[in-house]
Amino acid sequence: MGLDTARARLVGYLSQEISDKRVLAAMAHVPRELFVSPDCYHSAYDDIPLSIGFGQTISQPFIVALMTQALKLKGSEKVLEIGTGSGYQTAILAELAKWVVSVERIPQLVESARQVLGKLGYTNIEVHMAEKTLGWVAGAPYDAIIVTSGAPHVPDALLEQLSVGGRLVIPVGSRWEQDLLRVTKKKKRNVVENLGGCRFVPLIGDDAWEN
Ligand code: SAH
């Protein structure tokens, strides 16, 4: 089976659970095989996470679709991603929002993500080397924030970088398993929804896990 057929088949499968047509269209468009190592090409459209080196993984396509849908993007938003990794989720966000800021703490991954995203021609993405404070304060406020690693709790620093009405999607739990939360920022009391169980590599930082 060719990669185009495999991609279409994966999107068909995702459409049983994911209703946001724009998310499905983005996943039908972005070539995931370019974000995995060459020896994983044949698995690029299996619904599984894959190793991207440095102990990190490119998220499972279903989780990418679910998290992206949860952000409720319409096209005009400025989005922050914590954990660029391969850059695949970054590309999906760039298809669906106006501007994407993504931060990553491993320099080699910053470099490789910049390269592949540049090669694909995206002009609405900035990838930064992560600083000490979680997120990217210089670009705040964001309409949506996605964290692609697991946190022990919802970090205040990220809520501060979110605009009122904005959505923060983040896995929260132990180092090994988490619940996917969507926090909608309100003037008075934020709304927290649990979207189900998930497994992510740990979010590293002062207000998160130790390396
Ligand atoms: N969205 C990526 C997921 C990569 S795994 C993809 O689909 O490829 C999560 C990434 O978060 C890892 O690359 C890890 O290095 C990064 N990470 C962990 N803690 C971080 C932090 N505090 N700031 C930025 N990136 C972080």
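As the structure lists them, so they are numbered: ligands from 1, and atoms in each ligand from 1. FYI, side chains are in, hydrogens and waters are out, and symmetry mates aren't considered; it's all heavy atoms of this structure.
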Next item on the list: Compare H128, E81, E104, K132 and give the one whose heavy atom is closest to atom 15 (O) of ligand 1.
Entry: E104
Next item on the list: May I ask you to list the atoms of ligand 1 that are less than 4.0 angstrom from any heavy atom of S86?
Entry: 6 (C), 7 (O), 8 (O)
Check: Should you measure from each heavy atom of I106, which atoms of ligand 1 turn up under 4.0 Å away?
Finding: 15 (O)
Item checked: Nearest neighbour of atom 18 (C) of ligand 1 from the list R105, Q89, R32, on a heavy-atom basis -> R105
Notebook entry, point to check: Which atoms of ligand 1 are found less than 4.0 Å from any heavy atom of L203?
Noted result: 19 (N), 20 (C), 21 (C), 22 (N)
Next item on the list: Could you tell me which non-hydrogen atom of A97 sits nearest to which non-hydrogen atom of V79, and how far apart they are?
Entry: CB-CG2, 3.5 Å
Next item on the list: Note the single closest protein heavy atom to atom 9 (C) of ligand 1, along with its residue, its atom name and the distance in Å.
Entry: T148 O, 3.3 Å
Next item on the list: For ligand 1, find out whether one of its N or O atoms is nearer than 3.5 Å to an N or O atom of G83.
Entry: yes
Check: Taking only heavy atoms of I82, which atoms of ligand 1 are found under 4.0 Å from at least one of them?
Finding: 23 (N), 24 (C)
Notebook entry, point to check: How far is atom 21 (C) of ligand 1 from its nearest protein heavy atom, and which residue and atom is that?
Noted result: I204 O, 3.6 Å
Margin query: Rounded at 0.5 Å granularity, tell me how far CD in E81 sits from OG1 in T148.
Written below: 5.0 Å
Notebook entry, point to check: With a 4.5 Å heavy-atom cut-off, do S59 and Q89 have their side chains touching?
Noted result: no
Item checked: Qualifying residue, where the test is side-chain contact (heavy atoms from CB on, under 4.5 Å) with F35 and the options are L50, L117, T90 -> L117
Next item on the list: Would you mind checking which non-hydrogen protein atom is closest to atom 7 (O) of ligand 1, with the distance to 0.1 Å?
Entry: S59 N, 3.3 Å
Next item on the list: Flag the pair L180 / Q178 as yes when at least one side-chain heavy-atom distance between them is below 4.5 Å, and no otherwise.
Entry: no
Item checked: ligand 1 atoms in contact with A130 (distance to a heavy atom under 4.0 Å) -> 23 (N), 24 (C)
Next item on the list: Report yes if the side chains of L93 and T68 come closer than 4.5 Å at any heavy-atom pair, otherwise no.
Entry: yes
Notebook entry, point to check: Which atoms of ligand 1 are found less than 4.0 Å from any heavy atom of I58?
Noted result: 6 (C), 7 (O), 8 (O)
Checklist line | Taking every non-hydrogen atom, the tightest pair across W136 and M129 | finding: CZ3-O, 3.6 Å
Check: Taking atom OG of S19 and atom CG of L14, what is their separation to the nearest 0.5 Å?
Finding: 12.0 Å
Notebook entry, point to check: Using a heavy-atom cut-off of under 4.0 Å, does the side chain or the backbone of L109 touch ligand 1, or both, or neither?
Noted result: side chain
Note to self: I need the nearest protein heavy-atom contact for atom 5 (S) of ligand 1: residue, atom name and distance, please.
What the structure shows: T57 O, 3.1 Å
Check: Between K72 and E77, is there a side-chain N and carboxylate O pair less than 4.0 Å apart?
Finding: no
Margin query: Show me which atoms of ligand 1 lie under 4.0 Å from any heavy atom of L134.
Written below: 22 (N)
Notebook entry, point to check: Going by the order shown, which atoms of ligand 1 are within less than 4.0 Å of some heavy atom of V103?
Noted result: 24 (C), 25 (N)
Check: What heavy-atom pair brings A94 and N124 nearest, and what distance separates the two atoms?
Finding: O-ND2, 3.0 Å
Next item on the list: Give, for atom CZ of R32 and atom CG of L3, the distance between the pair rounded to the nearest 0.5 Å.
Entry: 11.5 Å
Notebook entry, point to check: Looking only at protein heavy atoms, which one is nearest to atom 12 (C) of ligand 1, and how far off is it?
Noted result: Q56 OE1, 3.2 Å
Item checked: V110 vs H128 side-chain heavy atoms within contact, under 4.5 Å -> no
Margin query: Tell me the contacting part of T90 for ligand 1: side chain, backbone, both, or neither, using a 4.0 Å heavy-atom threshold, strictly below.
Written below: neither
Item checked: T84 touching ligand 1 at heavy-atom level, < 4.0 angstrom -> yes
